[in-house]
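Throughout, residue positions are numbered sequentially from 1 according to the sequence presented. Just so it is clear, the structure is predicted and the values come from calculations on it, not from any experiment.
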Amino acid sequence: MSQSLNLIKHHASNPKLWLIVGLGIAGGIVVLSETRRRRRRRNTPKQDFGAFIERFELLPFPQPPPPSAKQTLSSLTFAISDVFDVKGYVTGFGNPLWKRTHDEAEKTAIVVTALLFNGATCVGKTVMDEFSFGFSGENKYYGTPINPKMPACVPGGSSSGSAVAVAAGLVDFAIGTDTTGCVRIPASLCGIFGFRPSHGAVSTIGVFPNAQSLDTIGWFARDPTILHCVGHVLLQSNSVDTKRSRCIVFADDLFQLSKDATQKTIHVIGKAIESMPGYQAPKHMNLCEYIVSKVPSLRLHEQLADQQNGTSILKTLSTVMLSLQRYEFKANYEEWVKSVKRRLHGGVPNNVIKAISATHDNIKALYKVRTEMRGALQSLLKDGGILVIPSVADIPLKLNAKKSFCSEFHDRTFALSSIASMSGCCQVTIPLGYHDDCCISVSFISPHGTDKFLLDTILDMYASLQKQASSGFHSIPLPNINGNREPSELLKDKGNAAFKEKQWDKAVSYYTEAIELNGSNATYYCNRAAALLKLGCFQLAEEDCSKAILLDKKNVKAYLRRGTARESLQRYKEALEDFKHALVLEPQNKDASFAERRVKKFIS
């Protein structure tokens with residue numbers, strides 16, 4: 001009998017013992033009940049998709065009496081990120097300790113006042129990455145807003161709550177800040193419109209800065225008409241001829257970085273504008289080569305980026321952007337962070353630590369890159385040019401993704417967002433629909449100061465764009481986006497890249513699409529066979545090699561791979577014949593020689 005039961009047996013008549021036992025049982029029930037309550041709370045869907053930190057209502061200014069026109073934003077509701085001042089409320093900057101150590105705002109941010117003046121109603125403040133630092137939209141204090149379109153994925157940040165509020169239909173539009181992509185990224189991941197205006201085009205008075213030389217006030221909407229109306233309210237001084245002709249310029253090299261569905265947007269856009277008046281024939285270019293030639297000061301920073309390929313210049317550009325952001329954030333908040341560091345429960349966010357601990361030897365060189373980028377894009381897009389790039393390069397990041405995936409998504413996403421951030425140009429993220437259960441979008445960039453021109457362009461062409469996209473991405477052929485290079489060759493290259501990364505299934509998928517476009521190329525079958533061998537699909541690999549040999553009887557790799565497949569299927573005599581044939585074609589081939597000796601041993 002256990003010691004506990006012995007104790008009860010010998011002291012059963014003692015009332016104190018039963019009091020202790022009763023308290024223990026009650027305590028256990030309380031613990032179990034609390035555990036179940038917390039489990040239920042975790043499994044219960046978040047109210048309002050977890051988008052809001054604080055709910056309130058700011059009513060619009062009174063409608064002026066007739067004959068005054070109706071307020072532009074009358075009857076529309078909007079939300080604001082927790083970075084905008086509202087009189088009588090503490091601006092929390094996405095962090096509870098910041099909120100506790102600051103007083104209520106004495107004035108409302110100018111941008112919020114402008115929206116209220118034009119008839120809109122503000123319904124609350126939304127969740128954001130702490131201190132506007134981040135790209136995922138996750139917040140450990142207030143929780144991560146649920147992406148309404150892809151619940152298993154991050155909503156994107158830093159203006160995550162504002163994007164989610166719009167995507168979920170909780171408000172008609174929302175505003176947030178965009179420094180390094182904080183509006184454009186969540187707009188893309190949540191399948192809505194997101195607009196980053198030209199730097200300095202919208203007042204930032206009453207908005208906590210992150211990095212002043214990069215900060216802008218952006219906005220989200222589900223409808224291009226509302227996006228347009230909000231823009232024309234906020235961009236009072238933006239006066240560019242919006243009726244001039246437009247020239248779409250595709251950055252072909254950037255689309256080659258992206259998944260196939262994103263590449264196919266080139267076809268959608270081309271078809272959308274081919275019969276529309278006022279649009280010139282689309283142009284194609286290599287943007288990275290252009291930046292290398294027009295932004296010479298970037299070469300001084302190339303050692304900061306450890307990426308050696310055709311797009312390494314964008315990796316360098318994003319590195320400069322993030323260095324500039326850290327420098328200015330440190331100047332703004334170093335004193336406060338150091339004063340409360342011990343009280344920041346759970347530790348200081350990594351981005352803040354990097355910013356506060358960063359040292360900068362030649363800050364003038366960072367600003368020089370920014371100046372040269374502004375000039376380069378202004379020159380490229382003069383006379384109605386609109387640059388078309390992917391909004392994000394990769395499939396959306398899953399919630400609680402591995403650090404390595406987060407790092408890769410971070411680098412590739414910021415490489416794209418750095419173009420507008422460092423040039424000060426305006427950029428709009430345009431939703432096109434879904435592909436493989438993921439939101440698909442594309443981005444248009446126009447020169448600094450042409451915000452209304454860009455907004456008018458979206459309003460003008462979106463109906464046609466939507467019509468072309470509605471047929472579904474699976475049925476849209478891949479266009480030739482690299483001069484005389486065939487689309488199938490681009491798919492082969494993507495397959496080769498996936499093979500090198502040991503992503504065998506992905507490689508097979510790319511090679512299969514290349515074969516569908518061009519079934520007479522032996523290399524495509526041979527390469528697919530190599531990936532199938534890695535997956536252990538020996539019969540399929542043998543069939544692919546046989547097709548490759550029919551198309552090219554001197555394809556040594558096809559004989560070697562078919563021999564390997566047959567050897568794995570224990571058909572040693574047939575495998576030996578393949579290895580011998582490879583040696584006839586290439587007598588010095590070491591792989592074939594070694595394989596021949598190995599199979600002979602099996603046979604003997």
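- Under a 4.0 Å N-O distance rule, the pair Glu577/Arg566 does not qualify as a salt bridge.
- The closest side-chain donor-acceptor pair between Asn286 and Asp252, if any, does not fall under 3.5 angstrom.
- For the atom pair CG (Leu322) and CZ (Arg326), the distance works out to 5.5 Å, reported to the nearest 0.5 Å.
- For the atom pair OG (Ser546) and CZ (Arg561), the distance works out to 14.0 Å, reported to the nearest 0.5 Å.
- Here the closest heavy-atom approach between residue Ala355 and residue Phe329 is recorded as CB-CD2, 3.8 Å.
- Expressed to the nearest 0.5 Å, how far CZ of Arg528 lies from SG of Cys545 amounts to 10.5 Å.
- Side-chain atoms of Tyr525 and Ile515, non-hydrogen and from C-beta on, do get closer than 4.5 Å to each other.
- Using a 4.5 Å heavy-atom cutoff, the side chains of Phe193 and Phe220 are not in contact.
- For Asp178 (side chain) and Gly218 (main-chain N/O), no donor-acceptor pair under 3.5 Å exists by modelled atom type.
- At a cut-off of 3.5 Å, with distance as the only test, no side-chain donor of Arg184 or Ser159 sits close to an acceptor on the other residue.
- Side chain to side chain, Ser391 and Ser441 meet the donor-acceptor criterion of an N or O pair below 3.5 Å.
- Side chain of Ser568 to backbone of Thr564: a donor-acceptor contact under 3.5 angstrom is found.
- Ring geometry for Phe602 versus Tyr572: interplanar angle under 30°, hence parallel rather than tilted (30 to 60°).
- Using a 4.5 Å heavy-atom threshold, the side chains of Leu314 and Ile291 count as touching.
- More than 12 heavy atoms of other residues, nucleotides or ligands shown are found within 6.0 angstrom of CZ on Phe499.
- The backbone N or O of Met128 sits less than 3.5 Å from a side-chain atom of Asn139, completing a donor-acceptor pair.
- What you find for Leu465 and Ile430 is that their closest heavy atoms are CD2-CG2, 4.0 Å.
- At a threshold of 4.5 Å between non-hydrogen side-chain atoms, the residues Glu489 and Asn521 count as touching.
- Taking the side chain as every heavy atom from C-beta outward, Leu254 and Ile419 approach each other to under 4.5 Å.
- The existence of a salt bridge linking Glu574 and Arg562 is excluded, since no basic side-chain nitrogen approaches an acidic carboxylate oxygen closer than 4.0 Å.
- Between the side chain of Glu372 and the main chain of Ser297, a donor-acceptor pair closer than 3.5 Å is present.
- In this structure, the side chains of Leu491 and Tyr524 stay at 4.5 Å or more apart for every pair of heavy atoms.
- With 3.5 Å as the limit, one finds a donor-acceptor pair spanning the side chains of Ser162 and Thr126.
- Nearest heavy-atom pair across Pro396 and Phe409 is CA-CE1, 4.4 Å.
- Among Val154, Leu397, Asn351, Asp129, the single residue meeting the side-chain contact (heavy atoms from CB on, under 4.5 Å) criterion with Phe135 is Leu397.
- Side-chain atoms of Asp544 and Tyr511 include no donor-acceptor pair closer than 3.5 Å.
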| Criterion side chain to side chain contact (heavy atoms under 4.5 Å, CB included) on Ile269 and Phe444, from CA distance to verdict | CA-CA 11 Å; Ile269 296 166; Phe444 286 9; 3.9 Å; yes
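- Taking CG of Asp591 as the start and CD of Glu596 as the end, the distance is 13.0 Å to the nearest 0.5 Å.
- For the pair Thr177 and Asp215, the minimum side-chain heavy-atom distance is 4.5 Å or more.
- Between His581 and Tyr559, the ring planes are parallel. Angles under 30° get that label, and only those over 60° would be called perpendicular.
- A donor-acceptor distance shorter than 3.5 angstrom exists from the side chain of Ser421 to the backbone of Thr179, with no hydrogens or angles considered.
- Contact detail for Ser81 and Gly176: the closest heavy-atom pair is OG-CA, 3.5 Å.
- Looking at heavy atoms from C-beta onward, Arg412 lies out of side-chain contact with Lys315 at the 4.5 angstrom threshold.
- Although no hydrogens or angles enter the test, the distance criterion places a donor-acceptor pair under 3.5 Å between the side chain of Asn518 and the main chain of Ser520.
- In this structure a side-chain-to-backbone donor-acceptor pair under 3.5 Å is present from Ser418 to Ala415.
- Taking every heavy atom of both residues into account, Ala167 and Cys190 meet most closely at CB-O, 3.7 Å.
- Of the possible donor and acceptor atoms, none in the side chain of Ser160 sits under 3.5 Å from a partner among the backbone N and O of Gly157.
- Within 6.0 Å of atom NZ in Lys149, more than 12 heavy atoms from other residues, nucleotides or ligands are found, so the atom counts as buried in its surroundings.
- Without hydrogens or angle criteria, Asn147 side chain to Met150 main chain gives a donor-acceptor distance under 3.5 Å.
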| task | For side chain to side chain contact (heavy atoms under 4.5 Å, CB included), just list the numbers for Ile248 and Leu387, CA-CA rounded to whole Å, side-chain angles, deciding distance to a tenth of an Å, and then say yes or no. | result | CA-CA 6 Å; Ile248 298 296; Leu387 182 67; over 6 Å; no
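- Without hydrogens or angle criteria, Asn210 side chain to Phe131 main chain gives a donor-acceptor distance under 3.5 Å.
- Taking both residues in full, the closest heavy atoms of Glu130 and Gly94 are given as CG-O, 3.3 Å, listed atom of the first, atom of the second, then distance.
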